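Structure first, then comments.
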There are 2 protein chains.
Amino acid sequence: MIKILIADDHTMFVDGIESILKTESDINVIGQCYDGLSIIPFIEKETPDILLLDVNLPGKNGIEVCKELHAKYPMVKVLAISMFNEESYVTEILNNGAKGYILKNTGREELLLAIHTVQEGKTFFSKEVTNTIMKGLMNSRKNGGKKTAFFPKISRREKEVLKLIVEEHTTQEIADKLFISLKTVESHRSSLLSKLNARNTAGLVRITLENKLLD
Amino acid sequence: MIKILIADDHTMFVDGIESILKTESDINVIGQCYDGLSIIPFIEKETPDILLLDVNLPGKNGIEVCKELHAKYPMVKVLAISMFNEESYVTEILNNGAKGYILKNTGREELLLAIHTVQEGKTFFSKEVTNTIMKGLMNSRKNGGKKTAFFPKISRREKEVLKLIVEEHTTQEIADKLFISLKTVESHRSSLLSKLNARNTAGLVRITLENKLLD
DNA sequence: GTATAATTGGGGGTTTTCCCCTATGGACTA
DNA sequence: TAGTCCATAGGGGAAAACCCCCAATTATAC
């Protein structure tokens with residue numbers, strides 16, 4: 001019996017996968033998570049064999065979850081699911097320990113095949129994803145590694161602050177929401193201005209949206 | 001027996017909905033379409049009671065399909081499904097004859113409720129969508145019901161100021177560039193804040209970019 | 001195991017934004 | 001012709017953002 005945990009913020013999608021898997025006698029869905037933050041606590045209570053993990057999750061994104069999970073619970077096999085065949089997503093989550101990557105437009109048969117393949121300790125990718133990985137490898141050989149990173153890495157906390165800035169909150173409001181001092185938020189703001197090379201809040205918001213830094 | 005046609009390009013999602021609906025004795029899924037172009041031909045052969053229609057479809061998008069369908073086959077009730085609670089999507093597809101709009105993060109129970117409600121000839125919206133519609137209505141009443149602008153009209157000068165704000169210029173710099181007084185620019189800023197219903201510069205920039213107000 | 005980075009926080013100050021008020025001339029329009 | 005919007009501009013004040021300085025603790029990476 002393969003124990004599976006599903007993590008996706010789209011309820012209807014989670015219900016859908018569950019309905020598909022329910023008909024399989026050797027698969028047991030032991031739980032659902034609708035955001036990134038609840039996954040680790042769930043696994044601390046009950047360990048699944050496979051985690052079906054959406055790459056774009058609210059709270060804490062799939063890549064971060066995968067990283068943490070791979071360190072703490074390496075026996076849990078992560079099968080990443082995503083709407084997008086995005087090179088950056090694929091590469092990053094695979095680098096963080098995911099055993100497979102399938103797209104949301106793959107069918108029932110392929111989903112079951114992916115689950116069984118991953119359960120046997122092998123890796124599984126959708127056909128389209130395989131192509132993407134190939135392209136990625138070729139590019140990285142051409143320019144010798146990382147081609148992205150136009151921006152210095154933004155930390156977890158900075159990203160939280162940035163999100164609230166974009167949502168029109170003032171520094172004081174952000175401090176209250178995050179239970180930290182006004183001065184700390186000002187620190188993060190100033191790091192963000194410097195890292196993103198912005199002159200003011202307007203620039204912060206523009207650069208964030210134009211480069212989809214919060215997705 | 002309610003006959004349903006599902007149209008969504010994400011196979012896994014289609015399978016999911018189908019699995020959910022299969023357990024209902026009064027619902028019969030008569031077909032699946034994975035792109036916009038195949039929907040009308042299908043309906044010409046076999047007419048469903050309800051079309052579960054994804055707003056973002058390859059080939060021909062959901063809004064166009066809905067429009068054509070509403071003209072040719074008004075008896076088919078369209079229940080729009082989308083990943084996004086986007087005001088423009090919601091308003092447009094409802095203006096083109098859709099009977100309901102639900103998000104992909106609504107659960108199994110709500111999906112069934114939506115189907116039964118629409119089948120009775122009533123309309124159904126997710127809670128979040130209702131709020132979006134309300135906002136849209138308020139805006140469209142303000143500017144006399146024009147469908148293009150969900151925001152009050154922004155004047156030529158205001159647009160110039162807005163552009164410079166997004167480009168990270170301060171009020172003083174904008175005044176110098178446009179050869180007008182600081183106070184005048186402040187006037188325009190404050191009109192913009194009020195018209196776009198923003199709290200601060202961050203909101204101004206976010207709303208501008210999200211709604212492509214400068215294109 | 002030692003750098004490096006992240007997170008936290010404070011003092012003190014300047015600049016910018018935001019808000020209230022008023023006001024005038026011109027252009028469009030009901 | 002009166003009413004409304006637009007663009008212009010100012011006084012005065014409160015709030016927010018931005019800029020230096022600094023420093024402690026904790027992660028994380030190499």
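FYI, side chains are in, hydrogens and waters are out, and symmetry mates aren't considered; it's all heavy atoms of this structure. Small disclaimer: the values here were computed from a predicted structure and weren't measured. Residue numbering restarts at 1 for every chain, and letters A, B, ... go by the order of the sequence lines.
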Test salt bridge (Lys or Arg N to Asp or Glu O under 4.0 Å) applied to B:Lys177 - qualifying residues, sequence neighbours left out: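 Applying salt bridge (Lys or Arg N to Asp or Glu O under 4.0 Å) to B:Lys177 gives none.
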Salt bridge (Lys or Arg N to Asp or Glu O under 4.0 Å) involving A:Glu18 - partner list, sequence neighbours excluded: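 Once residues adjacent in sequence are excluded, A:Glu18 has no partner under the salt bridge (Lys or Arg N to Asp or Glu O under 4.0 Å) criterion.
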Salt bridge (Lys or Arg N to Asp or Glu O under 4.0 Å) pairs, two or more places apart, involving residues 38-53 of chain A: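 Qualifying pairs, neighbours excluded: none.
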Salt bridge (Lys or Arg N to Asp or Glu O under 4.0 Å): pairs with one or both residues in residues 64-79 of chain B, sequence neighbours excluded: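 Every pair satisfying salt bridge (Lys or Arg N to Asp or Glu O under 4.0 Å) with a residue in residues 64-79 of chain B: B:Lys60-B:Glu68, B:Glu68-B:Lys72.
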side-chain contact (heavy atoms from CB on, under 4.5 Å) partners for A:Ala7, two or more places apart: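 A:Cys33, A:Ile39, A:Leu51, A:Leu53, A:Leu57.
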Interatomic distance, [X] [atom1] vs [N] [atom2] [rounded to whole Å]:
X: B:Leu193; N: C:dC18; atom1: CG; atom2: P; answer: 5 Å
X: B:Arg189; N: C:dC20; atom1: CZ; atom2: P; answer: 16 Å
X: A:Glu158; N: C:dT8; atom1: CD; atom2: P; answer: 10 Å

Between A:Ser191 and A:Arg157, a side-chain donor and acceptor under 3.5 Å: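 No, because no side-chain N or O of A:Ser191 sits under 3.5 Å from a partner of the opposite role on A:Arg157.
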Between CG on residue B:Leu178 and CD1 on residue B:Ile180, distance to nearest 0.5 Å: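 Answer rounded to 0.5 Å: 5.0 Å.
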Spacing of B:Thr201 atom OG1 and A:Asn200 atom CG [to the nearest 0.5 Å]: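 Nearest 0.5 Å value for the OG1-CG distance: 7.5 Å.
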Has [X] got a side-chain N or O lying under 4.0 Å from the OP1 or OP2 atom of [N]?
X: A:Arg156; N: C:dT7; result: yes
X: B:Thr201; N: C:dC18; result: yes
X: A:His188; N: C:dT8; result: yes

B:Ile6/B:Phe13 under side-chain contact (heavy atoms from CB on, under 4.5 Å): CA gap, chis, key distance, verdict: CA-CA 10 Å; B:Ile6 306 173; B:Phe13 188 77; over 6 Å; no
Output a table of nitrogen or oxygen pairs between the protein and nucleotides 21-29 of chain C separated by less than 3.5 Å.
none

Sugar-phosphate, base or nothing in reach of A:Thr171, heavy atoms under 4.0 Å: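 It contacts sugar-phosphate atoms only.
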Partner residues of B:Gln172 under the side chain to side chain donor-acceptor pair (under 3.5 Å) criterion, sequence neighbours left out: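 Listed in chain order: B:Asp176.
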Sequence-distant partners of A:Asp8, side chain to side chain donor-acceptor pair (under 3.5 Å), two or more places apart: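 Applying side chain to side chain donor-acceptor pair (under 3.5 Å) to A:Asp8 gives A:His10, A:Lys104.
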Boundaries of the chain B footprint along DNA chain D (any atom under 4.0 Å from a heavy atom):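 Answer, 5' to 3': D:dC6 to D:dG12.
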Without placing hydrogens or testing angles, list every side-chain donor-acceptor pair under 3.5 Å for residues 162-171 of chain A, not counting sequence neighbours.
{"from": "A:Lys163", "atom 1": "NZ", "to": "A:Glu167", "atom 2": "OE2", "distance (Å)": "3.1"}
{"from": "A:Glu168", "atom 1": "OE1", "to": "B:Arg199", "atom 2": "N", "distance (Å)": "2.7"}
{"from": "A:Glu168", "atom 1": "OE2", "to": "B:Arg206", "atom 2": "NH2", "distance (Å)": "2.4"}
{"from": "A:His169", "atom 1": "ND1", "to": "A:Glu173", "atom 2": "OE1", "distance (Å)": "3.2"}
{"from": "A:Thr170", "atom 1": "OG1", "to": "A:Glu173", "atom 2": "N", "distance (Å)": "3.3"}
{"from": "A:Thr171", "atom 1": "OG1", "to": "A:Arg189", "atom 2": "NH1", "distance (Å)": "2.8"}

Dot-bracket notation for DNA chain D, counting Watson-Crick and G-U pairs under 3.5 Å, with | for partners on another strand: ||||||||||||||||||||||||||||||
Side chain to side chain, A:Val29 and A:Lys22, heavy atoms closer than 4.5 Å: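 No, side chains not in contact.
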Any residue of residues 172-183 of chain B with a heavy atom less than 4.0 Å from an atom of DNA chain C: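 Within residues 172-183 of chain B, the residues near DNA chain C are B:Lys183.
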